[in-house]
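Below is one structure, written out as structure tokens; comments come after it.
Small disclaimer: the values here were computed from a predicted structure and weren't measured.
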Amino acid sequence: MFEDRSETWRVGIKRAEKARGRSLAVLLQQYDLFSEQLETTMAKVLEILESIPGTAQMLSVPGVGVVTVAGFLAEVGDIHNYDHGQQIIRLAGLNLKENSSGKRKGRTGISKRGRSRLRALLFRAVMPMVAKNPAFKALHHYYTTRSQNPLKKKQSIIALCGRLARILFTLGTKQKEYDANDVMGPVRQAHMQVVA
């Protein structure tokens, strides 16, 4: 009444192993192709960045890489078209706005009007900088632990996104090297030393 299907089962397993081997080979070929395309694209990006004045100074910021600078310039365009860094913050939608109506005063948040890719790029750049860059790490600690109006962690990171946009703008337009003391500012350095 019951047939012995063990032989057909083995045949199916052998065919599955062959198909799995072929699909793995195809995936490895695709990986090699994508790696080659990535290398070619990054070489072209580096070539373009070398021709833009101020990018070498932007790359001097610890934690900022080629992808961040290239993405920043791709979203912003020519930084010499802007008068000050606050315009780039507005372009990214990182400027503050209050949600209020009539007599009701609402919460304050970022406007999110602007380029979402620029906002996301700055956010992804600041996240590792808070862990690795000493100046950004100290600022994040200061923002989240200050006695008056301490910020939540995400609010602090958003504030640091704006700071990074201003830093990249300043370094690109003035073409001067990154200095961590300029990032902190003399007033904030004095205040942080008093707190410590």
Side-chain angles (χ1 to χ4, degrees), residues 45 49 52 54-99 106-196:
V45 167
L49 283 181
I52 299 172
T55 55
Q57 289 78 14
M58 290 182 196
L59 288 169
S60 68
V61 178
V64 173
V66 173
V67 174
T68 302
V69 172
F72 179 77
L73 292 174
E75 287 294 324
V76 171
D78 186 8
I79 57 174
H80 297 287
N81 292 338
Y82 301 95
D83 295 327
H84 48 81
Q86 187 63 31
Q87 290 176 320
I88 295 176
I89 291 172
R90 280 192 225 115
L91 179 70
L94 292 171
N95 54 318
L96 296 177
K97 73 171 182 89
E98 185 178 283
N99 295 324
R107 294 173 45 184
T108 302
I110 60 173
S111 68
K112 293 187 181 178
R113 287 182 167 219
R115 301 193 176 197
S116 60
R117 285 189 196 142
L118 178 59
R119 199 167 47 249
L121 176 92
L122 291 170
F123 188 82
R124 283 193 307 266
V126 165
M127 287 297 288
M129 289 178 74
V130 167
K132 305 280 184 183
N133 188 319
F136 276 78
K137 189 175 191 175
L139 280 172
H140 179 65
H141 180 71
Y142 167 73
Y143 286 152
T144 55
T145 59
R146 61 187 177 188
S147 59
Q148 292 182 343
N149 191 22
L151 298 177
K152 295 177 183 168
K153 290 182 180 180
K154 194 166 187 179
Q155 290 173 327
S156 171
I157 289 173
I158 295 297
L160 290 173
C161 288
R163 169 93 32 155
L164 179 61
R166 282 193 297 274
I167 289 169
L168 292 177
F169 170 77
T170 303
L171 296 179
T173 53
K174 295 184 179 178
Q175 296 183 15
K176 65 180 220 177
E177 291 296 318
Y178 171 79
D179 183 17
N181 294 327
D182 290 342
V183 172
M184 302 290 283
V187 174
R188 188 155 288 121
Q189 280 181 341
H191 189 273
M192 288 173 70
Q193 287 174 355
V194 168
V195 171

For residues 117-128, which residue pairs qualify under salt bridge (charged side-chain N to carboxylate O under 4.0 Å, His left out), counting only residues two or more places apart or in two chains? none
Minimum-distance pair of heavy atoms, taken over all atoms of Leu122 and Leu94: CD1-CD1, 3.9 Å
Please give me the minimum heavy-atom distance between Gly71 and Leu121, naming the atom from each residue. C-CD2, 3.6 Å
Only counting residues at least two apart or in another chain, list the ones meeting side-chain contact (heavy atoms from CB on, under 4.5 Å) with Gln175. Pro53, Gln57
Is any side-chain heavy atom of Phe72 closer than 4.5 Å to one of Val64? no
Sequence-distant partners of Ser156, side chain to side chain donor-acceptor pair (under 3.5 Å), two or more places apart: His140
side-chain contact (heavy atoms from CB on, under 4.5 Å) involving Ala135 - partner list, sequence neighbours excluded: Asn133, Tyr178, Ala180, Val183, Met184
Could you list the residues that satisfy side chain to side chain donor-acceptor pair (under 3.5 Å) with Asp179, not counting sequence neighbours? none
Look up atom OG1 in Thr68 and atom CE in Met129, then write down how far apart they are to the nearest 0.5 Å. 8.5 Å
Least distance between heavy atoms, Leu139 atom then Arg163 atom: CD1-NH1, 4.1 Å
Between Phe136 and Ile167, which heavy-atom pair has the shortest distance, and what is it? CZ-CD1, 3.8 Å
Which residues satisfy the side-chain contact (heavy atoms from CB on, under 4.5 Å) test with Gln87, sequence neighbours excluded? Tyr82, Asp83, His84, Arg90
Please determine whether side chain to side chain contact (heavy atoms under 4.5 Å, CB included) holds for the pair Arg113 and Asn95, giving the CA-CA distance in whole Å, both sets of side-chain angles, and the decisive distance to 0.1 Å. CA-CA 9 Å; Arg113 287 182 167 219; Asn95 54 318; 5.9 Å; no
Evaluate the criterion side chain to side chain contact (heavy atoms under 4.5 Å, CB included) for residue pair Tyr143 and Leu160; output intermediate values, then yes/no. CA-CA 9 Å; Tyr143 286 152; Leu160 290 173; 3.8 Å; yes
With rounding to the nearest 0.5 Å, note down the distance linking CZ in Arg166 to OG1 in Thr170. 8.5 Å
Can you tell me which residue pairs pass the salt bridge (charged side-chain N to carboxylate O under 4.0 Å, His left out) test with a partner in residues 55-79, sequence neighbours excluded? Glu75-Arg115
Asn149 backbone acceptor or donor facing Arg146 side chain under 3.5 Å: yes
Please report the shortest heavy-atom distance between Gly162 and Ile89, naming the atom on each side. O-CD1, 3.6 Å
Under a 4.5 Å cut-off applied to non-hydrogen side-chain atoms, are His80 and Thr173 in contact? yes
Apply salt bridge (charged side-chain N to carboxylate O under 4.0 Å, His left out) to Lys176 and list each qualifying residue two or more places apart in sequence or on a separate chain. Asp182
Residues two or more places apart in sequence or in another chain: which of them pass side-chain contact (heavy atoms from CB on, under 4.5 Å) with Leu73? Leu49, Ile52, Thr55, Met58, Val69, Ile79
Hey, are the side chains of Lys153 and Thr144 touching, using non-hydrogen atoms and a 4.5 Å cut-off? yes
